[in-house]
Structures are given as structure tokens and as C-alpha cells.
Amino acid sequence: MVERQIARRGITSPRILEAFLDTPRHLFIPKNQHLFAYEDGPLPIGKGQTISQPYIVAYMTEHLNLAGNERVLEIGTGSGYQAAILGKLAAEVHTVERHPSLAERATQLLADLGYENIRVHLGDGTIGLLEFAPYDAIMVTAAAPDVPVPLLDQLADGGRLIMPVGGRAGQVLHLYQRRGKEIIKDDLTPVAFVPLIGDHGWPRG
Ligand code: SAM
């Protein structure tokens with residue numbers, strides 16, 4: 001998976017590749033999907049949600065430019081796999097999930113695997129997580145029509161935020177960088193993510 005799907009597509013940072021080699025993806029998905037754990041696509045994880053394609057996890061991670069000393073916020077814990085990757089590359093990771101059962105499962109798994117720098121929070125991630133702000137990097141792993149303003153507000157100076165923005169059927173990954181009061185936005189690549197549901201995302205229900 002790491003060689004064929006990630007390195008061969010141009011993600012060659014040794015730190016990122018090592019983080020993937022050190023993180024057994026099959027542990028993060030339901031047992032009936034284990035056969036497909038290292039395939040080149042997303043997989044169902046329950047509650048109508050998915051663990052993202054490995055390459056997309058790597059691509060989004062790469063764009064955060066993590067050096068190792070950052071405090072990172074992830075919105076959309078899901079299985080906890082992306083958080084685990086971030087946990088290997090940053091000092092501190094806070095990840096927010098709206099489904100209690102997914103948050104509980106990820107909390108347990110990450111504890112069992114010995115991650116001490118990752119905290120899973122239950123709630124609406126579209127309002128961010130003010131308690132530990134500001135964040136050097138923010139990753140949103142669900143899609144909304146626009147970037148939630150509270151997340152931009154909680155981004156540190158020089159910080160980077162990556163998230164899929166667009167309609168229900170398809171989106172574009174956007175990268176936002178804060179330079180003082182200014183936000184610089186870049187459009188990266190087309191993607192298809194599950195919806196970000198909350199006060200500053202798609203409506204509930
Ligand atoms: N990062 C995850 C992983 O590694 O498995 C995959 C995330 S999945 C594509 C998107 C997740 O975002 C789902 O688990 C969904 O429940 C969650 N989500 C959607 N809206 C949310 C919100 N407002 N706050 C927190 N989580 C949300």
C-alpha cells in the first residue's frame with residue numbers, strides 16, 4: 001500500500017511514509033472488511049461513514065507540512081486512522097467526532113495502541129475546539145459547502161487548514177494558510193467526502 005499507492009504517486013517524505021508503515025490500517029476497520037484493508041479506496045466503518053482512501057490520507061497529511069512540534073485539530077475522527085497518522089507526525093492531536101459510537105471506538109483503540117498525544121472529543125467539530133486553540137494545523141475529513149469560520153478563527157498565525165469544500169456529490173480540497181489577519185486559499189484536487197454535519201456545515205436531519 002505504502003509503496004504502490006502513496007510513494008509511487010509522489011509522496012516521498014520519509015517521515016510520512018514511516019508513519020504509514022507504523023500504522024496497521026486493518027486495526028481501524030471492521031473485521032468483515034479486513035480483506036480489503038490495504039486496498040486503494042475508502043471503506044465503510046459503520047454509521048454510514050468511511051475511512052478515507054490511504055492516498056488521500058497521505059495527501060492531506062503532506063499539505064499540513066508537519067515538523068513534529070505542532071498542535072493539530074482534526075474534525076471527523078471516524079475510525080481514528082488519520083488521527084493515528086497525525087499523532088506520529090505532530091506533538092499533540094485533538095480530534096472531534098459527532099457520532100458517540102465512533103468516538104468511543106476510536107478512543108479505546110488509540111489507547112490500546114499506546115497513543116498518549118491524541119485526545120478524542122465528542123461534539124460538533126464545525127464549531128472547532130476552543131479549549132485548546134489556537135492550532136498550528138487543522139484537518140477536516142468531511143465536506144461542507146464552505147469552510148467553517150470558527151475553524152479559521154482557531155488557526156494559529158502561519159497555520160494551515162485543509163478540508164474538502166463543495167456540494168454533496170463532489171468537492172475540491174482547499175488549503176487555507178493564515179498570515180496574520182490574512183487567509184490565503186489554494187484549490188488542490190477534486191475529491192468525494194461524506195458530509196460535515198453541524199452548525200457551520202450541512203444541516204442535521
Ligand atoms: N478521519 C477518519 C478516519 O481516519 O477514519 C475518516 C472520517 S469520515 C470520512 C468523516 C467523519 O466526520 C465521520 O466519522 C463523521 O461522523 C464525522 N463528522 C461529520 N460531521 C461532523 C462534525 N460536525 N463534527 C465532528 N465529526 C463530524
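Every number for a ligand or one of its atoms is a count from 1 in the order of the listing. Note: hydrogens, waters and symmetry copies are ignored here, and every other heavy atom, side chains too, is used. In this text, all values refer to a predicted model and were calculated from it rather than measured experimentally.
Closest heavy-atom contact between Lys88 and Ala19: CB-CB, 3.9 Å.
Looking only at heavy atoms of the protein, atom 23 (N) of ligand 1 is closest to Ile197 O, 2.7 Å. For atom 10 (C) of ligand 1, the closest non-hydrogen atom on the protein side is Thr141 O, 3.2 Å. When only non-hydrogen protein atoms are considered, atom 5 (O) of ligand 1 lies nearest to Ser79 OG, 2.6 Å. Of the protein's non-hydrogen atoms, the one nearest atom 24 (N) of ligand 1 is Gly125 N, 2.8 Å. At the shortest separation from atom 4 (O) of ligand 1 among protein heavy atoms lies Gln82 N, 3.0 Å. Looking at atom 12 (O) of ligand 1, its nearest protein heavy atom turns out to be Gly76 CA, 3.2 Å. The single protein non-hydrogen atom nearest to atom 14 (O) of ligand 1 is Glu97 OE1, 2.7 Å, given as residue, atom name and distance. Regarding atom 8 (S) of ligand 1, its nearest protein heavy-atom neighbour is Thr50 O, 3.1 Å.
Contact annotation: Gly123 has at least one heavy atom less than 4.0 Å from an atom of ligand 1. Under a 4.0 Å heavy-atom criterion, Thr77 is in contact with ligand 1. Under the 4.0 angstrom criterion for non-hydrogen atoms, Pro195 is in contact with ligand 1. For Glu74, the closest heavy-atom approach to ligand 1 falls below 4.0 Å.
Proximity of a side-chain donor or acceptor of Tyr38 to a complementary backbone N or O of His26 within less than 3.5 Å is detected. Within the 3.5 Å criterion, the main-chain N or O of Ala90 finds no donor-acceptor partner in the side chain of Arg71.
The backbone and the side chain of Arg98 each have at least one atom closer than 4.0 Å to an atom of ligand 1 (non-hydrogen atoms only). With a heavy-atom cut-off of 4.0 Å, Gln49 touches ligand 1 through its side chain alone.
In summary, the atoms of ligand 1 found under 4.0 Å from a heavy atom of Leu102, numbered by their order in the structure, are 14 (O). Close approach of ligand 1 to Val96 is summarised as follows: ligand atoms under 4.0 Å from at least one heavy atom of the residue are 25 (C), 26 (N). Proximity to Ile51 (heavy-atom distance under 4.0 Å) selects the following atoms of ligand 1: 5 (O).
Proximity of Leu73 to Ile75: side-chain heavy atoms (C-beta onward) are separated by under 4.5 Å at one or more points. Using a 4.5 Å cut-off on side-chain heavy atoms (C-beta onward), Tyr55 and Ile11 make contact. Taking 4.5 Å as the limit, some side-chain heavy atom of Arg15 sits within range of a side-chain heavy atom of Leu89. For the pair Thr23 and Phe28, the minimum side-chain heavy-atom distance is below 4.5 Å.
Between His94 and His121, the ring-plane angle classifies as tilted under the 30° and 60° cut-offs.
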task = Report the C-alpha separation of Leu173 and Tyr59 in whole Å, then their side-chain angles, then the decisive distance to 0.1 Å, and conclude whether the side-chain contact (heavy atoms from CB on, under 4.5 Å) test is met.
result = CA-CA 10 Å; Leu173 274 180; Tyr59 182 91; 3.7 Å; yes
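The CZ atom of Arg160 sits 13.5 Å away from the CD1 atom of Ile138 when rounded to the nearest 0.5 Å.
For the side chain to side chain contact (heavy atoms under 4.5 Å, CB included) criterion with Glu74, the lone passing option out of Gln82, Met60, Glu97 is Gln82.
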